[in-house]
Amino acid sequence: MNFAVNRNTGPVSPMRSAAWARPEAGAQEPAPGPRDAVSISGEARQALEGEELSPVEKALKGATQEQVQAWMEEWQTQHQLEVNWNAVVDPDHSIYAKSYMESLVCQYDKTRQAVEAYYQEGHQENLRFSNPYNHLVEKYKFSGSPYFKGDWSQAQRDMAFRQEEALLRGGRVVLNDPWALAASGGVPDGEAVDKAARAYAQSVLDQLIAKYKQTKGIEG
């Protein structure tokens, strides 16, 4: 027996397409069984119908326009919006920023003046010598000099040399000097400086707010 292979056909699938058989003419469809029927009790139906309206919708159902308006006015009276007075007098935040920076500059300038005042006596002593810088070196760097500050710690001598050299050359003194600032409470704390600057900036805005309210006749 000979077999011929037709290569134009696709793969044979074991699945076959099927269709529901049509009922014969005149046949009656079977009635749904007990599992196919769904009944809703009267209580459940009322509960479902009641969930269709939200509490707000229920409250507004049947209300007149005058009643709704009265409710709105009462709600607004009980929920007054707080006014941001800072934004009223300083909408772009520029006044606050400027005042904050002014406070920082003022605080650091005060610290600088305290440091310079502390080393002013030593600076004037240096100027009395023909070579002020050499005398500065003798005081703080050369232990064989009669002017050497041997009773000072190395750290204190290094700081004094740096500060008096800055005064001598017209430079800037450093502000984290615990010896120069000991009498005025020590080196300023960064958080304390920031807090003071914020308080000052807010005080400037508070003055503007008070003036604005006075101009507009606003109490409180």
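- Distance check: Glu164 CD to Glu121 CD gives 9.5 Å after rounding to the nearest 0.5 Å.
- Residue Gln154 qualifies as enclosed at atom CD: its count of foreign heavy atoms under 6.0 Å is above 12.
- Surrounding NZ of Lys141 are more than 12 heavy atoms belonging to other residues, nucleotides or ligands, all under 6.0 Å away.
- At least one side-chain heavy atom of Val204 sits under 4.5 Å from a side-chain heavy atom of Ile95.
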Please report the C-alpha distance between Val89 and Lys211 in whole Å, then the side-chain angles of each, then the deciding distance to 0.1 Å, and finally whether the side-chain contact (heavy atoms from CB on, under 4.5 Å) criterion is met. CA-CA 10 Å; Val89 299; Lys211 184 177 181 180; over 6 Å; no

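- A donor-acceptor contact closer than 3.5 angstrom is absent between the side chains of Glu138 and Asn134.
- Between Glu125 and Lys139 there is a side-chain heavy-atom pair separated by less than 4.5 Å.
- Relative ring orientation between Tyr140 and Phe161 is described as perpendicular, the plane-to-plane angle rising above 60° on a 0-90° scale split at 30° and 60°.
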ask   = So Arg169 and Glu165, salt bridge (Lys or Arg N to Asp or Glu O under 4.0 Å) or not? Walk me through it.
value = CA-CA 6 Å; Arg169 301 186 184 278; Glu165 182 183 24; 3.3 Å; yes

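- Contact detail for Tyr200 and Ser103: the closest heavy-atom pair is CD2-CB, 3.7 Å.
- Counting non-hydrogen atoms of other residues, nucleotides and ligands closer than 6.0 Å to CZ of Arg162 gives a total of 12 or fewer.
- Heavy-atom minimum distance, Gln107 versus Val193: NE2-O, 3.2 Å.
- The environment of Tyr108 atom OH is sparse: at most 12 non-hydrogen atoms of other residues, nucleotides or ligands sit within 6.0 angstrom.
- Between Asp90 and Asp92, some side-chain heavy-atom pair lies under the 4.5 Å cut-off.
- For the pair Lys213 and Trp85, the cation-pi criterion (under 6.0 Å, within 45° of the ring axis) is fulfilled.
- Linking Ile, Leu, Val, Met, Phe, Trp and Tyr residues whenever their side-chain heavy atoms come within less than 4.5 Å leaves Leu136 and Phe142 in two separate clusters.
- To the nearest 0.5 angstrom, Leu205 atom CG is 5.0 Å from Asn86 atom CG.
- Put simply, CG on Leu208 and OG on Ser203 are 9.5 Å apart, with the number rounded to the nearest 0.5 Å.
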Applying side-chain contact (heavy atoms from CB on, under 4.5 Å), run through Val187 and Leu175 and close with a yes or a no. CA-CA 7 Å; Val187 178; Leu175 304 183; over 6 Å; no

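- Looking at Arg112 and Glu116, a side-chain N of the basic residue comes within less than 4.0 Å of a carboxylate O on the acidic one, giving a salt bridge.
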Could you walk me through whether Val173 and Leu167 pass the side-chain contact (heavy atoms from CB on, under 4.5 Å) test, one step at a time? CA-CA 7 Å; Val173 296; Leu167 295 176; 4.1 Å; yes

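- Contact detail for Pro188 and Thr111: the closest heavy-atom pair is CG-OG1, 3.6 Å.
- When all heavy atoms of Trp179 and Ser153 are compared, the pair lying nearest together is CZ2-OG, 4.3 Å.
- Using a 4.5 Å heavy-atom cutoff, the side chains of Tyr147 and His135 are in contact.
- Between the side chains of Asp177 and Tyr119, a donor-acceptor pair is found at a separation under 3.5 Å.
- Ionic pairing of Arg198 and Asp194 is present here: one or more N-O contacts between side-chain nitrogen and carboxylate oxygen are shorter than 4.0 angstrom.
- Here the straight-line distance linking atom OH of Tyr96 with atom CD of Gln202 works out to 6.5 Å at 0.5 Å rounding.
- The side-chain heavy atoms of Gln163 and Tyr118, taken from C-beta on, include no pair separated by under 4.5 Å.
- Taking OH of Tyr133 as the reference point, atom CG of Leu168 lies at 9.0 Å (rounded to 0.5 Å).
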